Amino acid sequence: MRIFDPHIHMTSRTTDDYEAMYAAGVRAVVEPAFWLGQPRTSPESFYDYFDSLLGWEPYRAAQFGIQHFCTIALNPKEANDPRCLPVLDELDRYLAKDRVVAVGEIGYDSMTPEEDEALARQLQLAVAHDLPALVHTPHRDKAAGTRRTLDVVRESGIAPERVVLDHLNELTVGMVLDSGCWAGFSIYPKTKMSEDRMVEILKDHGTERVMINSAADWGRSDPLKTRKTADAMLAAGFDEAAVERVLWDNPVAFYGQSGRLELDATLDEPKPDESSSFEGNSIRRGGV
């Protein structure tokens, strides 16, 4: 079984997670830029982080047989901090990088005017760079936040099929699919969405324009939730083609719209015991 996790924060995970993910069938991931849990106090800290998503993390993933891509953006939570706003003026140079397959995460946290502005500006950047957009829906008042998000997406002029709204639930999936956008679901141990609920949503709404992710980060989350959802689909009677569509084909189709999703079917078996070191964008094998 091949799995593509279209939203996972591997910066927060260990190499043990990479090993377990590979064993579960994960062969590719997209890591969206996000809030790290502690407020960043200067734009420069974002640039170091973006550089790690483009250099260090793809290298680290490759050691375990997994291809790593990313999305770049000023996240909704930090869009409310005026110290972070200069990041918006620097995004062009990062969005031009080869491994960046979308603008994201953008969207809403508390649905403030500052978040309105950041979302609208970054949707325009997606249009300018001919990239898809990964949009975060708020955890509170989700239905109202999703409707507001769809309004901004329509106003932006971006094609709906180039937008995925993530962290959806039973109350929001219908309106998103009806809009022509993609529907993303984060499968979590205690919150957001469970495997069993996800199976019921797939029964009701089908497998087209649906993506399932673990969104695993530094909180209570599970990077194997994609595989567990695949197993739940099979147990519920979905055939292997439907599972492949949701867990592989759909992420490939969505992020493939970037023109930058170059998947290598010949990745070597992982070699986690191989001694290596990393400096900047160069890799040196054989120790320091």
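Bear in mind that the values here come from a model prediction, so they are computed numbers and not experimental data.
When all heavy atoms are compared, the tightest approach of Phe185 to Leu168 is CD2-O, 3.4 Å. Of all non-hydrogen atoms in Ala143 and Thr172, the two that sit nearest each other are CA-CG2, 3.9 Å. Heavy atoms only, all atoms of each residue included: Gly184 and Val164 are closest at N-CG2, 3.8 Å. For the residue pair Ser258 and Leu131, the shortest heavy atom distance occurs at CB-CD2, 3.8 Å. The minimum heavy-atom distance between Tyr49 and Pro32, with the atom names listed, is OH-O, 3.7 Å. Contact detail for Thr226 and Ile212: the closest heavy-atom pair is CG2-O, 3.9 Å.
Checking Ser45 against Asp48 by side-chain atom types alone, no donor-acceptor pair falls below 3.5 Å. Of the N and O atoms on the side chains of Arg13 and Ser221, at least one donor lies less than 3.5 Å from an acceptor on the other residue. Residues Asn213 and Ser186 have side chains that bring a donor and an acceptor to within less than 3.5 angstrom of each other. In summary, the side chains of Asp166 and His7 do present a donor paired with an acceptor at a separation below 3.5 Å, with no hydrogens or angles considered. Glu170 and His205 share no side-chain donor-acceptor pair at under 3.5 Å. Donor-acceptor pairing under 3.5 Å is recorded for the side chains of Glu115 and Asn80.
For the pair Arg93 and Tyr47, the cation-pi test (distance below 6.0 Å, angle within 45°) is passed. For Arg27 and Tyr22, the positive end sits near the middle of the six-membered ring, less than 6.0 Å away and at most 45° from its axis.
Looking at heavy atoms from C-beta onward, Leu263 lies in side-chain contact with Leu261 at the 4.5 angstrom threshold. Using a 4.5 Å cut-off on side-chain heavy atoms (C-beta onward), Leu224 and Ser214 make no contact. In this structure, Met175 and Thr146 have side chains that are in contact, with non-hydrogen atoms separated by less than 4.5 Å. Side-chain atoms of Val243 and Asp239, non-hydrogen and from C-beta on, never get closer than 4.5 Å to each other. Met198 has its side chain within reach of Val210: a pair of non-hydrogen atoms, C-beta onward, lies under 4.5 Å apart. For the pair Met193 and Asn169, the minimum side-chain heavy-atom distance is below 4.5 Å. Two residues are said to be in side-chain contact when any heavy atoms from C-beta on lie closer than 4.5 Å; Phe238 and Lys203 meet this criterion. The side-chain heavy atoms of Lys97 and Arg260, taken from C-beta on, include no pair separated by under 4.5 Å.
Residue-environment remark: CD (Glu240) stays at or below the threshold of 12 foreign heavy atoms within 6.0 Å. More than 12 non-hydrogen atoms from other residues, nucleotides or ligands lie less than 6.0 angstrom from CD of Glu44.
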Intermediate values then yes/no, salt bridge (Lys or Arg N to Asp or Glu O under 4.0 Å), Glu200 and Arg197: CA-CA 5 Å; Glu200 293 304 313; Arg197 288 168 59 201; over 6 Å; no
Evaluation steps, side-chain contact (heavy atoms from CB on, under 4.5 Å), between Asp231 and Met1: CA-CA 10 Å; Asp231 291 341; Met1 179 185 297; 4.3 Å; yes
Audit row: Asn250, Trp182, side-chain contact (heavy atoms from CB on, under 4.5 Å) steps and yes/no: CA-CA 9 Å; Asn250 285 355; Trp182 287 67; 3.6 Å; yes
Salt bridge (Lys or Arg N to Asp or Glu O under 4.0 Å) assessment of Asp5 paired with Lys225: CA-CA 9 Å; Asp5 193 329; Lys225 280 295 188 182; over 6 Å; no
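Contact check on Arg147 versus Asp151 returns no salt bridge, with no Lys/Arg side-chain nitrogen under 4.0 Å from an Asp/Glu carboxylate oxygen. Salt bridge annotation for Asp81-Arg40: absent, with no cationic side-chain nitrogen under 4.0 angstrom from a carboxylate oxygen. The existence of a salt bridge linking Lys228 and Asp222 is confirmed by a sub-4.0 Å separation between a basic side-chain nitrogen and an acidic carboxylate oxygen.
Between the side chain of Tyr188 and the backbone N or O of Ser194 there is no donor-acceptor pair closer than 3.5 Å. In terms of modelled atom types and a separation under 3.5 Å, the side chain of Ser110 and the main chain of Thr112 share no donor-acceptor contact. Judged purely by atom type and a 3.5 angstrom limit, Gln67 uses its side chain to pair as donor or acceptor with the backbone of Glu262. Listed for the Trp35 side chain is no donor-acceptor partner under 3.5 Å among the backbone atoms of Asn75. At distances below 3.5 Å, not a single donor-acceptor pair connects side-chain atoms of Ser12 with backbone N or O atoms of Asp217. Of the possible polar contacts, one joining the Lys142 side chain to the Pro138 backbone as a donor-acceptor pair under 3.5 Å is found. Between the side chain of Arg227 and the backbone N or O of Val26 there is no donor-acceptor pair closer than 3.5 Å. At distances below 3.5 Å, at least one donor-acceptor pair connects side-chain atoms of Gln257 with backbone N or O atoms of Phe254. Between the Gln63 side chain and the Tyr59 main chain, a donor and an acceptor come within less than 3.5 Å of each other. Using a distance-only test at 3.5 Å, with no hydrogens or angles considered, no donor-acceptor pair links the side chain of Asp17 to the main chain of Met10.
In the hydrophobic cluster analysis, where Ile, Leu, Val, Met, Phe, Trp and Tyr join through side-chain heavy atoms closer than 4.5 angstrom, Leu165 is grouped together with Leu74. If you chain together hydrophobic residues whose side chains sit under 4.5 Å apart, Val163 and Val100 fall into the same group. Hydrophobic clustering of Ile, Leu, Val, Met, Phe, Trp and Tyr side chains at less than 4.5 Å, counting indirect connections, unites Val29 with Ile3. Leu53 and Val30 fall into different hydrophobic clusters, where Ile, Leu, Val, Met, Phe, Trp and Tyr residues are linked whenever their side-chain heavy atoms come under 4.5 Å apart, directly or through other members. Cluster annotation: Tyr18 and Phe4 are assigned to distinct hydrophobic clusters (Ile/Leu/Val/Met/Phe/Trp/Tyr, side-chain heavy-atom contacts under 4.5 Å, transitive).
Between the CG atom of Asp116 and the CD atom of Glu155 there is a distance of 9.0 Å, given to the nearest 0.5 Å. To the nearest 0.5 Å, the span separating CD on Glu117 from CG on Leu85 amounts to 9.0 Å. His9 contributes atom NE2, which lies 12.0 Å from atom SG of Cys70 (distance to the nearest 0.5 angstrom). The CG atom of Leu134 sits 14.0 Å away from atom CZ of Arg162, with the distance rounded to the nearest 0.5 Å. Rounding to the nearest 0.5 Å places CD of Glu19 at 5.0 Å from CZ of Phe64. For the atom pair CD of Gln38 and OG1 of Thr41, the computed distance is 8.5 Å after rounding to the nearest 0.5 Å.
Applying the ring pair (Phe, Tyr, Trp, His ring centres under 6.0 Å) test to residues at least two apart or on different chains, the pairs with a partner in residues 87-127 are Phe50-Tyr94.
The side chain to side chain donor-acceptor pair (under 3.5 Å) with His68 is formed by just one residue from the set Arg99, Glu57, Glu31, Arg60; it is Glu31.
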